[in-house]
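Everything on this sheet refers to the single structure shown next.
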Amino acid sequence: MSHTVVQDKLPQDPAAAIRAVVARIPAGSVASYGEIAQRAGLPRRARLVGKVLRDTPDGVRLPWHRVLRSDGRIAFAPRTAPFREQRARLIEEGVRVLSGKVDLARYGWDRNLDAALWAPPVSESSSKRSRR
DNA sequence: CAGGTGACCTCTG
DNA sequence: GCAGAGGCCACCT
């Protein structure tokens, strides 16, 4: 045994990076495939995200259900088993799913960050809401 | 090694 | 809102 250079592991496991990002999606929030790819340092590789999730065997705890298409729709075809499972999991987390679609403006991961930054004094300029 | 595939994305009409 | 078209890129046949 003297020929191997032992460079088995890739310096940047794309799959590992993707799974790491997916694992960080906060419960009750969602993110798009493209967003995951970007956060994993793999711009334009949204399809790879899909493949990684697909290849991820059952038993591996990973919040794959928090990953949606860029428009907030569940990637699976409606009425299929995986579609229903994803929808159920989301609803279980308090995420509203209407017609297989999630409101990204409300549940998006980015949105969460934004919300944190907004850190609003919560006061409506317009007295639309009759406070008090 | 060429062509097909896909848990995608974006732009047009 | 729906339908097409092109682009994208790692994998699989």
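Each chain gets a letter, A, B and so on, in the order the sequences are listed, and its residues count up from 1.
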Using atom CZ of A/R89 as one end and atom P of B/dA7 as the other, report the distance to the nearest whole Å.
18 Å
Distance check needed: C/dC2 C1' versus A/D71 CG, whole Å only.
13 Å
So, OP1 or OP2 of B/dC8: does either fall under 4.0 Å of a side-chain N or O from A/R69?
yes
Would you measure the distance from the P atom in C/dG6 across to the matching atom in B/dA7 and give it in whole Å?
22 Å
Is NZ or CZ of A/R39 both nearer than 6.0 Å to the six-membered ring centre of A/W109 and within 45° of the ring axis?
yes
Could you tell me whether A/R54 contacts a base, only the sugar-phosphate backbone, or nothing, with contacts defined as non-hydrogen atoms closer than 4.0 Å?
base
Atom pair distance, as rounded to whole Å: CG in A/L68 and P in B/dC9
10 Å
At under 4.0 Å, does any side-chain N or O of A/S70 touch on OP1 or OP2 of B/dT10?
yes
In whole angstrom, give the distance that lies between atom CG of A/L42 and atom P of B/dC9.
14 Å
Any side-chain donor near an acceptor of the partner, A/H65 and A/E92, under 3.5 Å
no
Looking only at B/dA7, B/dC9, C/dC11, the nucleotide nearest the A/K51 side chain is C/dC11
Taking atom C1' of B/dG6 as reference, at what distance in whole Å does atom CG of A/L48 sit?
11 Å
What's the OH-C1' distance between A/Y33 and B/dC9, to the nearest Å?
13 Å
Between C/dC12 (P) and A/R47 (CZ): distance, integer Å:
15 Å
Residues A/R89 and A/E93 bridged, charged N to O under 4.0 Å:
no
Is A/R73 paired with A/D71 through a side-chain N to carboxylate O contact shorter than 4.0 Å?
yes
Rounding to an integer number of Å, can you tell me how far A/Q38 CD sits from B/dC9 P?
12 Å
Checking all strands, does A/R45 fall into the base, sugar-phosphate, or nothing category for heavy-atom contacts under 4.0 angstrom?
sugar-phosphate
Answer whether the closest heavy-atom distance between the side chains of A/I36 and A/I25 falls below 4.5 Å.
yes
With nearest nucleotides of DNA chain C determined for A/D55 and A/R44 from heavy-atom distances, which residue corresponds to the more 5′ nucleotide?
A/R44
